[in-house]
Amino acid sequence: MASASITFVLNRLGELAVKEAALLSGVGDHIRLLRDKLEWLQTFIQDADQERRDGANQYVGLWVRQTRDVAHEVEDVLDDFLRRVDLSTLRQGVPAWRRWLDLAASCTTQVSVRHDLSGRMEGIKERLVEISENVDKYNIRTLRPSASGASSSAHNSTINTVPAWDEGNEVVGFKDERAELQRYLLAGDDTSRSVMSLVGESGTGKSTLAWEVYDSPIIRKHFDVRAWINVPPQIRDDDILYFIYKRLCPESEACEQKNSITEKVHKALSLYLKNKRYLVMLDGLVNFSNWHSILHSLPQNEKGGRVMVITRLDEKEAAYANPKVSTLKIGKLDEKDSSALFCRRVFGANNQFKEKIFGSKISEPNAQMEKACENMFKITHGLPLAIVVLAGLLRTKSISEWEEVLKKLESNNEPKQVKMILALSFDDLPSRLKSCFLYFAGMPENLIYNARRLVRLWAAEGFLKPKKGKTMEDIGQNYLKELISREMIRLVKRDMNGGVWLVAIHDRLHAFAQAEAHEASFLEAHDNADLLAPGAVRRLHLQNYTETYIPMGTAFPKMRSILGDFAEERSQNGKRSLSSKVRAHGQLKQQGNNSDLRYHALSFLPASKFLRVIDLRGLRIKKVPGAIGDMIHVRYLGLRSRSLTKLPSSIARLINLQTLDIKRTEVKKVAQAFWEIPTLRHVVANMLGLPKSAGVLNNMQTLTGLLCSDPLGKDIKPLENMVYLRNLHISGLDKPHWEALREVFKKLESLMYMHLAGKDIPFELFTNFTLRRLQILELLGEIDTSRVKEEDQYTLPNVTRLVLKLSLADQKFIDKIGELPSLMELVLSEDSCREENLLFSDKGFNNVTSLVMANLTRVKKWTIRPRSIPKIQKIVLSGCPKMEIKLEGKEGEESLEGLMADLKEVVVCNMLQEGSIIVKPANSAFEEKINHVAIKTKSEDITDATQRDGRWRAGMIAGNMYQN
């Protein structure tokens with residue numbers, strides 16, 4: 001990891017030499033010499049990291065640590081230099097006569113700062129000379145510049161190779177275990193509620209196998225309600241119960257009881273599940289200390305309810321924790337299945353990369369491949385995680401290099417071999433990817449992470465290397481794809497553009513990342529801020545899911561990043577939610593009646609003058625200190641606290657700020673000068689007012705959660721200065737705003753996602769506005785269709801996803817949007833249609849594959865013409881009572897057979913009972929694909945169902961945060 005630290009500093013030195021040439025007068029030579037020395041050290045440090053991990057030479061570890069410490073010292077010196085220079089020139093709101101005095105003072109200050117920088121650089125060079133001499137003095141000559149073998153791909157990209165995990169990947173092997181698991185879940189003769197633990201060594205693929213069974217059509221049809229809960233290790237039993245409740249129970253039954261909070265959850269669950277066959281999957285549970293309190297709330301209703309626990313505990317531990325729970329052990333793969341999985345991950349599902357690795361003349365398995373598979377099995381012992389990570393490593397190399405890599409992994413110690421595979425794969429990463437991978441060490445375990453947020457954090461940290469013609473977001477996406485291709489992280493879901501949307505990391509890789517991050521002084525993860533050596537901490541991630549307030553009075557003088565996930569105080573319509581009440585109830589017992597009044601002042605922040613990233617979620621914050629404006633290195637400021645109502649005007653002084661995330665706050669306004677910060681890229685808010693004016697914001701990519709407040713529509717005009725904007729989310733629009741938007745859209749040619757909410761949405765949005773790159777459009781509000789004309793032509797040729805809510809659209813409008821040439825996903829939600837008889841005509845929706853119709857209370861009859869929606873694969877119907885579906889054409893007609901050929905499932909949820917959907921004429925092929933699901937989800941969850949592909953996983957506390 002020391003190599004990554006040196007690479008980071010070298011890039012900083014290079015950027016400084018180019019961008020700040022005028023400031024470096026007199027010290028430029030010192031920086032060039034320092035950079036040269038670090039480059040030489042970097043050529044040796046890769047193998048030094050590997051030998052340090054082996055522990056063969058005790059001096060190697062010391063040498064690596066000293067080299068890394070020097071790299072950190074260089075970073076400290078550079079950041080301090082830039083901070084002092086910027087603060088000396090950053091003077092706003094002063095009289096004109098003062099500016100001349102400030103200029104003179106600034107010049108004097110800069111001379112002094114440069115002199116100080118020169119002296120500190122000399123000291124660092126002397127340390128580097130001593131460290132280099134120690135190579136000979138302590139016989140560390142075994143080190144050599146990395147040039148081949150496991151590190152040969154450190155500078156070679158594997159981007160755009162086959163992804164490690166995608167929706168189409170199937171589980172390899174475990175046929176007997178899959179059948180046994182399915183038999184247990186479907187056991188018709190056992191109507192009692194029963195519990196099973198899926199046990200086995202970490203890395204055997206328990207969750208992957210369980211999900212394949214859980215999401216199979218036969219299981220979806222068998223159970224009335226299902227819930228999959230990812231359980232972080234630190235979560236409380238009360239919270240597990242609460243999230244089962246949130247996933248399964250209708251809000252109308254939420255909390256009318258007058259007993260304690262836990263009893264309310266229990267009674268709500270018992271009442272709702274009383275007559276339902278339910279399935280609850282708990283993935284990652286390792287603590288059975290209060291297991292009976294969870295089971296107590298899941299009724300014994302003789303309907304065949306099932307509870308499945310997926311745990312890394314072995315059979316004996318699971319049986320000891322709860323003797324009444326039966327277990328199913330997932331072992332390892334045999335040699336045949338191991339080879340099948342290995343080849344699939346190396347060459348792709350269709351062997352598309354076999355020729356690239358073996359050469360154009362080889363198309364069939366040969367002796368080399370058979371030998372490689374034999375060695376692979378000896379090394380991995382059939383552990384799926386080890387197989388796929390090794391495959392990800394070998395995918396980056398030619399067949400001639402495989403033998404050398406496999407030879408390095410030979411050992412008689414099986415547990416050690418798994419660690420060796422993970423370490424070798426990590427060492428093989430390019431230096432910049434190492435930093436990105438280690439960032440997962442600070443993420444909560446066993447959850448799903450939002451890729452966009454990760455990329456923004458990486459950009460703020462400086463991990464992303466700029467490339468001409470590419471945005472930082474595009475570069476970050478490429479880094480994610482390479483980590484996925486190398487099997488270091490797992491792709492969970494793609495976005496509509498084919499990019500990475502959601503990712504996860506295996507708990508074994510997560511533990512490896514934490515160990516490496518700690519060893520390299522890269523990042524510390526704790527549940528509180530009471531650390532032994534706060535002066536050395538560079539990145540701190542606090543994870544505490546039981547408190548919204550923890551003491552943080554310690555100073556962290558060298559800290560670059562602080563990230564925190566806390567027990568968020570949820571609220572709705574000004575009232576605290578059940579989860580918050582549950583926690584408050586516990587806190588009152590422990591801390592007294594004033595615990596709910598404690599707010600964090602963030603007074604420790606100004607002492608951390610080098611901070612680049614501040615991202616605190618769920619922490620109870622009422623006020624942000626004004627001194628934050630002097631923290632000019634801050635590039636990412638994320639504060640999600642429902643208690644926060646105001647930001648200080650000094651945030652306008654954060655001249656390097658890239659991201660402001662205040663989504664779950666009550667902040668309505670920021671200082672006008674904030675909109676002059678040229679480095680702004682992402683502003684994510686809740687109901688933030690649009691500015692009256694803005695500077696030239698050519699870097700702005702995302703603007704969400706904005707609210708129009710000017711009745712004349714003048715607050716729309718500043719959007720003209722954000723010409724490269726990709727994502728736009730605005731509410732409160734009215735007629736004056738639409739006129740202003742017409743002109744603004746002419747300049748926003750890069751828009752790809754847009755959410756607009758307001759009154760009288762003009763139909764011309766589809767015909768006269770120039771939005772040719774737009775791919776996702778969401779409209780909330782009534783659409784004015786009074787001027788729809790037959791000859792109108794669309795100007796939205798690339799819209800693939802359209803969401804309508806409260807639109808009250810007529811048939812004429814439905815016919816028109818059916819002509820959108822690229823539309824693949826259509827969501828009609830909450831009275832988006834005013835017609836009682838809805839018709840999908842023959843020429844409509846030719847490319848739509850996913851359709852959601854939710855809460856269309858006015859629609860009584862939906863007619864599907866023979867040649868409409870010919871490519872439909874999934875239909876979701878929710879809250880449409882007594883809807884009649886008319887399939888025009890006789891049963892068995894060729895056109896209907898074509899519809900049935902692609903249609904995989906019709907999901908019916910939130911209906912009163914089966915029979916709410918009437919199909920006329922009766923069509924057995926269509927009706928067989930109807931799956932009645934009695935699950936409760938909010939309308940926005942149903943709206944998002946097509947993107948999630950039915951994978952309505954409940955995240956936990958932090959999981960919900962990371963998916964937003």
Side-chain angles (χ1 to χ4, degrees), residues 232-236 239 438-447 449-450 453-454 456-457 460-461 505 510-511 513-515 517-518 521-570 580 583 586-587 590-591 595 598-608 610-622 624-625 628 631 634 636-644 661-662 664-665 955-962 964:
Q234 306 89 349
I235 209 71
R236 300 191 323 176
D239 288 314
L438 290 190
Y439 219 70
F440 284 93
M443 301 296 165
E445 185 181 345
N446 196 35
L447 291 176
Y449 316 116
N450 186 295
R453 175 175 177 267
L454 278 170
R456 292 169 190 172
L457 289 168
E461 292 277 7
I505 183 171
H510 186 269
Q514 285 194 326
H518 179 73
S521 299
F522 179 83
L523 181 148
E524 298 282 344
H526 299 275
D527 62 358
N528 63 72
D530 186 15
L531 307 183
L532 291 177
V537 174
R538 304 187 79 81
R539 294 178 183 86
L540 177 63
H541 195 139
L542 300 172
Q543 301 170 17
N544 192 316
Y545 301 139
T546 61
E547 304 289 342
T548 56
Y549 178 91
I550 63 171
M552 285 195 291
T554 309
F556 301 96
K558 295 188 177 181
M559 188 161 63
R560 263 61 182 183
S561 308
I562 180 165
L563 297 91
D565 293 285
F566 304 92
E568 185 178 8
E569 183 182 11
R570 293 171 173 80
S580 180
R583 295 192 187 94
Q587 290 171 353
Q590 298 172 14
Q591 299 175 359
S595 64
R598 301 179 71 184
Y599 294 93
H600 213 294
L602 302 181
S603 56
F604 70 96
L605 286 179
S608 304
F610 297 144
L611 269 175
R612 285 170 160 257
V613 172
I614 303 170
D615 190 23
L616 301 173
R617 299 183 168 211
L619 194 67
R620 192 174 292 143
I621 304 169
K622 203 168 188 177
V624 178
I628 197 172
M631 303 171 66
V634 171
Y636 188 110
L637 179 58
L639 300 170
R640 291 196 177 189
S641 173
R642 300 191 187 279
S643 308
L644 186 62
D661 184 347
I662 50 173
R664 294 181 180 174
T665 70
M956 295 295 292
I957 297 171
N960 291 332
M961 299 178 189
Y962 277 90
N964 289 309

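Starting from 1, each residue takes its place in the sequence as its number. These values consider heavy atoms only, across backbone and side chains, with no hydrogens, waters or symmetry-generated copies. None of these values were measured; they are calculated from a predicted model.
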Test log, rule side chain to side chain contact (heavy atoms under 4.5 Å, CB included), inputs H526 and V537: CA-CA 12 Å; H526 299 275; V537 174; over 6 Å; no
Check [X] against [Y] and note the closest heavy-atom contact, atom names and distance.
X: P444; Y: H510; value: C-NE2, 4.3 Å
X: P534; Y: P557; value: O-CD, 4.1 Å
X: A441; Y: A525; value: O-CB, 4.1 Å
X: F610; Y: K558; value: CD1-CA, 4.3 Å

Only counting residues at least two apart or in another chain, list the ones meeting salt bridge (charged side-chain N to carboxylate O under 4.0 Å, His left out) with R538. E75, D76
Going by distance alone, is a donor N or O of one side chain under 3.5 Å from an acceptor N or O of the other, for E524 and H541? no
Does a side-chain heavy-atom distance below 4.5 Å link [X] with [Y]?
X: F556; Y: I562; answer: no
X: I614; Y: L602; answer: no
X: R539; Y: Y439; answer: yes
X: M631; Y: L637; answer: no
X: L616; Y: S641; answer: no

With no hydrogens and no angle check, is any side-chain donor or acceptor of Q543 less than 3.5 Å from a backbone partner on G442? yes
Is the backbone of L644 close enough, under 3.5 Å, to the side chain of Y599 for a donor and an acceptor to pair up by distance? no
Apply side chain to side chain contact (heavy atoms under 4.5 Å, CB included) to A460 and list each qualifying residue two or more places apart in sequence or on a separate chain. V613, R635, Y636, Q658
Roughly how far, to the nearest 0.5 Å, is the [atom2] atom of [Y] from the [atom1] atom of [X]?
X: R664; Y: R642; atom1: CZ; atom2: CZ; result: 6.0 Å
X: D565; Y: R640; atom1: CG; atom2: CZ; result: 10.5 Å
X: L540; Y: L563; atom1: CG; atom2: CG; result: 8.5 Å
X: R617; Y: L639; atom1: CZ; atom2: CG; result: 10.5 Å

Less than 4.0 angstrom from a charged side-chain N to a carboxylate O is my criterion; do D661 and R456 meet it? no
Would you sort out whether L611 and L605 count as a side chain to side chain contact (heavy atoms under 4.5 Å, CB included), showing the intermediate values? CA-CA 8 Å; L611 269 175; L605 286 179; 3.7 Å; yes
